[in-house]
Visitor: 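Submitted below is the structure of interest, expressed as structure tokens.
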Amino acid sequence: EGISHVDPQVKEMRTGAIRIGLEAEAKHDFQLGVRVVPIGLNFSKPGSGRRDLTLRVGQPIVLARHAEAYRSDPAGTVANLTAELRERIENLVVHLDDLSKAPIVEAAYDVFAPDWLGDPLLLPEVGDRATREIELRRSIADAIEYYSRYQPSWALELEHRLAAYRGALDQMRLTEDALRRRVGALPLLRDTLPAAVIGVLGAPLAGFGWLIGALPRVRLYFCGALSS
């Protein structure tokens, strides 16, 4: 990208990495074996003073495979491979086309991640926690952007309900961690976790619909548990 930032968004890509690699390969008849390796930087708590960093390395772009394309259209090949590089980096990080959705993504993650991260039905093929956290954030971001684009009223409803829930926490002077310690294992989330929740990873309609439906019940359960 050529800039430093912690926004959950891959910015416009500079062409230098691809262009310099192709130029070097062209001078040596594409025998150098140059590969451009996409790397995604993922910060655990963007914007905070101290945070963990997870590096994810993607599949490299082997420039020699594009020799014929470069010989016939150098500028077009540079542009196409730069776009491909950006796409590969986007698949390694939490990326939002609309940065205004970042707060709602983080709010949804804070509410549901403690239960979803440990659920064996979600991301069963991902072993380490750091990668699970990234993939869950990516899935929530994808679902929210999908519905913001195609069902904006649903996205707005989720935003309002999450805001109300967070407002209730503020009024009770509670954090998510403190609430969970007082309530326990949050059985309501577990009891109302249908197979549709898995849809947030592959079918935004199912996952987002469950988010909308479950949140009011979660809030009522919290209030009841705290008052008892």
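Positions are given from 1, in the same order as the sequence printed here.
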Visitor: In the structure I gave you, are the side-chain heavy atoms of Met13 and Ile18 within less than 4.5 Å of one another anywhere?
Guide: no
Visitor: Minimum heavy-atom separation for Val94 to Ala141, with atom names?
Guide: CG1-CB, 4.2 Å
Visitor: For residues 80-87, run the donor-acceptor check on the side chains, cut-off 3.5 Å, and write out each pair with its distance to 0.1 Å, sequence neighbours left out.
Guide:
from, atom 1, to, atom 2, distance (Å)
Asn80, ND2, Gly76, O, 3.2
Thr82, OG1, Val78, O, 2.7
Glu84, OE2, Arg88, NE, 3.2
Glu84, OE2, Arg88, NH2, 2.4
Arg86, NE, Glu90, OE2, 3.0
Arg86, NH2, Val10, O, 2.8

Visitor: Looking only at heavy atoms, which two atoms of Ala69 and Ser72 are closest? And how far apart?
Guide: O-OG, 3.1 Å
Visitor: For residues 26-34, tabulate all N or O donor-acceptor pairs below 3.5 Å that involve a side-chain atom, not counting sequence neighbours.
Guide:
from, atom 1, to, atom 2, distance (Å)
His28, ND1, Ala24, O, 3.0
Asp29, OD1, Arg71, NH2, 3.0
Gln31, NE2, Asp29, O, 3.2

Visitor: Any side-chain heavy atom of Asn42 sitting closer than 4.5 Å to one from Leu53?
Guide: no
Visitor: With a 4.5 Å limit on heavy-atom distance, are the side chains of Glu145 and Leu96 in contact?
Guide: yes
Visitor: Is there side-chain contact between Leu99 and Pro8, with at least one heavy-atom pair below 4.5 Å?
Guide: yes
Visitor: Can you find a heavy atom in the side chain of Pro38 that is under 4.5 Å from one in the side chain of Leu92?
Guide: yes
Visitor: Salt-bridge test for Arg138 and Glu135: reply yes if a basic N is under 4.0 Å from a carboxylate O, no otherwise.
Guide: yes
Visitor: Hydrophobic clustering (ILVMFWY, side-chain heavy atoms < 4.5 Å, transitive) - are Val37 and Leu41 grouped together?
Guide: yes
Visitor: Mind checking what makes salt bridge (charged side-chain N to carboxylate O under 4.0 Å, His left out) contact with Asp73, not counting sequence neighbours?
Guide: none
Visitor: Nearest 0.5 angstrom please: Ile144 CD1 to Ile104 CD1, how far?
Guide: 5.5 Å
Visitor: Can Ile39 be reached from Phe43 by stepping across I, L, V, M, F, W or Y side chains whose heavy atoms are under 4.5 Å apart?
Guide: yes
Visitor: Of the non-hydrogen atoms in Asn91 and Arg56, which two are nearest, and what is the gap between them?
Guide: O-NH1, 4.2 Å
Visitor: Hey, is CZ on Arg35 packed in by over 12 heavy atoms from elsewhere, all under 6.0 Å?
Guide: no
Visitor: Please give me the minimum heavy-atom distance between Ile140 and Ala108, naming the atom from each residue.
Guide: CG2-CB, 3.9 Å
Visitor: Quick one: CD1 on Ile61 to CG on Leu22, what's the gap to the nearest 0.5 Å?
Guide: 9.5 Å
Visitor: So do the side chains of Ile89 and His95 get within less than 4.5 Å of each other, counting heavy atoms only?
Guide: no
